[in-house]
Amino acid sequence: MSVKGKKVLHMDRNSYYGAESASITPLEDLYKRFSLPGKPPESMGRGRDWSVDLIPKFLMANGRKAIWSLFLSRLYPGQLVRMLLITQVTRYLDFKVIEGSFVYKKGAIYKVPVTETEALASSLMGIFEKRRFRNFLIFVANYDLNDPKTMEGVDPNKSSMRALYKKFSLGQDVMDFTGHALALYRTDDYLDQPCINTINRIKLYSESLARYGKSPYLYPLYGLGELPQGFARLSAIYGGTYMLNKPIEEIVMENGKVVGVKSEGEIARCKQLICDPSYIMDRVSKVGQVVRIICVMSHPIKNTGDVNSCQIIIPQIQVNRKHDIYVCMISSAHNVAAQGKYVAIASSVVETNDPEKELKPALDLLEPIEQKFVSVSDQYAPTDMGKDSQIFISRTYDATTHFETTCDDIKDIYERAMGTEFDFAEMERTKNDIFGDAGDQ
């Protein structure tokens with residue numbers, strides 16, 4: 001908004017950046033936040049060595065541009081990395097590649113096979129299934145909308161993904177990890193949708209993996225709390241003002257339209273207001289709950305090859321659920337924990353009256369666990385889309401371990417507020433006008 005020439009005032013009731021997606025430091029503050037008695041034990045190391053995300057997310061990257069020594073480009077539908085590149089927020093951040101991506105099957109975890117070689121070597125499938133999956137991957141890799149020969153009789157806009165799986169005689173287990181661990185779908189609704197969307201998702205996943213070798217995911221050093229701080233710095237360059245520790249007393253309305261925000265007896269006048277649901281609960285509705293458990297460990301997750309970071313997806317059908325369970329693990333290698341310590345965060349959509357028990361399949365993979373921090377968060381969506389009120393409300397973060405849905409929400413808010421789609425090409429031109437081509441180096 002600042003880049004577009006808007007006058008921006010950002011007010012936050014918290015004393016830190018990031019609100020519900022903040023990284024909490026020192027460790028003592030995390031204990032206080034979850035109302036745990038006493039102080040962290042000495043075995044946890046220095047409190048200031050910790051920076052723990054309240055909501056875990058990784059960034060998917062398909063690299064085509066060099067940023068320092070790191071390659072980044074666009075994230076499918078969400079496109080967060082592309083946003084970071086074009087807005088120049090990357091100048092404030094350092095990233096590290098996540099070292100592994102795994103999928104859960106019948107109580108054990110397996111590396112997600114993406115290449116033909118991995119498909120044939122994977123213990124996730126039987127010998128005949130391996131060959132069928134290898135043929136499927138070759139088809140996806142060669143698929144080109146401009147070359148009918150590569151389509152093998154498949155109409156990308158009419159053939160469903162279920163039909164494509166059937167064409168290659170792929171079983172339920174393969175469908176599970178392909179749809180949920182490669183294409184990153186949250187439910188099985190995609191099975192009856194045109195297969196072109198899933199093909200594109202798998203291609204981008206494998207291209208990203210080919211670039212990095214270990215996984216297609218990135219994570220910022222010092223935690224996800226660095227992302228909002230990066231955008232704050234960018235906004236300030238364009239004249240934006242940030243005010244932390246600012247209690248919001250009232251959203252001031254006139255004739256059904258927002259005209260200002262009252263804080264500590266003063267009113268900041270505005271024409272538009274963008275906020276999260278917690279600031280205006282009478283214009284949102286509850287759409288569900290998410291359970292998250294932050295686990296501190298002194299060891300990497302078993303059967304991952306002792307990697308210092310990874311993602312594990314537990315497909316819903318494997319544990320008789322309606323929603324997938326996600327696990328993110330990071331460690332001292334990312335400057336978010338004391339030396340030799342690991343932080344794993346399990347999350348999913350709440351389906352029962354015992355949310356913590358729902359994550360047992362994930363917690364069993366993480367044992368022994370030194371300390372757990374359990375949270376259950378309500379999820380909200382706006383009932384007022386802002387057309388008349390000019391109040392634009394974000395959706396609550398979901399349980400996924402990537403930013404796809406979050407970025408869709410960002411683009412939706414931008415379009416409703418500005419009356420036009422978020423234009424990457426225009427942002428690219430603006431960036432070059434200000435920073436010159438050096439921004440790409």
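Note that the coordinates shown come from a computational prediction; the quantities given were computed from them, not determined experimentally.
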Decide if atom [atom1] of [X] counts as having more than 12 heavy atoms of other residues, nucleotides or ligands within a radius under 6.0 Å.
X: Glu421; atom1: CD; result: no
X: Lys6; atom1: NZ; result: no
X: Glu250; atom1: CD; result: yes
X: Asp354; atom1: CG; result: yes
X: Lys262; atom1: NZ; result: no
X: Tyr110; atom1: OH; result: yes
X: Glu42; atom1: CD; result: no

Find out whether [X] and [Y] are in side-chain contact, i.e. whether some heavy atom of one side chain is under 4.5 Å from a heavy atom of the other.
X: Val8; Y: Thr241; value: no
X: Tyr31; Y: Met44; value: yes
X: Ile248; Y: Val261; value: yes
X: Leu184; Y: Ile313; value: yes
X: Met329; Y: Leu366; value: no
X: Leu227; Y: Leu93; value: yes
X: Met1; Y: Tyr414; value: yes
X: Gln289; Y: Pro355; value: no

Check: [Y] main-chain N/O paired with [X] side-chain donor or acceptor under 3.5 Å:
X: Asn14; Y: Ala19; result: no
X: Asp53; Y: Leu224; result: yes
X: Thr396; Y: Tyr380; result: yes
X: Gln390; Y: Gly386; result: yes
X: Arg292; Y: Ala346; result: no
X: Ser23; Y: Val52; result: no
X: Thr25; Y: Ser51; result: no
X: Thr178; Y: Met175; result: no
X: Ser21; Y: Ile55; result: no

Under a 4.0 Å N-O cut-off, is there an ion pair linking [X] with [Y]?
X: Lys246; Y: Asp12; result: no
X: Asp398; Y: Arg186; result: yes
X: Lys372; Y: Glu356; result: yes
X: Asp378; Y: Lys286; result: yes
X: Glu351; Y: Arg321; result: yes

Any side-chain donor near an acceptor of the partner, [X] and [Y], under 3.5 Å:
X: Glu226; Y: Tyr92; answer: no
X: His299; Y: Asp306; answer: no
X: Gln311; Y: Thr401; answer: yes
X: Lys111; Y: Thr304; answer: no
X: Glu249; Y: Ser263; answer: no
X: Ser309; Y: Tyr217; answer: no
X: Ser235; Y: Ser2; answer: yes
X: Ser394; Y: Asp409; answer: no
X: Thr150; Y: Asn142; answer: no

Candidate pair Thr198 and Tyr185, rule side-chain hydrogen bond (donor to acceptor under 3.5 Å, both in side chains), full reasoning: CA-CA 9 Å; Thr198 304; Tyr185 285 110; 3.2 Å; yes

From CA spacing to verdict: side chain to side chain contact (heavy atoms under 4.5 Å, CB included), Leu54, Ile24: CA-CA 7 Å; Leu54 295 177; Ile24 302 301; 3.7 Å; yes

Tyr219 and His334 aromatic centres sub-6.0 Å: yes

CA sep, side-chain torsions, deciding dist, call: Arg269, Val259, side chain to side chain contact (heavy atoms under 4.5 Å, CB included): CA-CA 6 Å; Arg269 295 276 168 182; Val259 294; 3.7 Å; yes

Face-on cation placement of Arg13 at Tyr279 ring, 6.0 Å and 45° thresholds: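 Verdict for Tyr279: a cation-pi partner in Arg13.
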
Lys NZ or Arg CZ of Arg33 over Phe373 ring: under 6.0 Å, within 45°: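 That pair does not qualify as a cation-pi contact.
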
Ser332 vs Tyr342, side-chain hydrogen bond (donor to acceptor under 3.5 Å, both in side chains): CA-CA, chis, key distance, verdict: CA-CA 7 Å; Ser332 53; Tyr342 299 79; over 6 Å; no

Ring geometry between His10 and Tyr242 (parallel below 30°, tilted from 30 to 60°, perpendicular above 60°):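 Ring orientation, 0 to 90° scale: parallel.
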
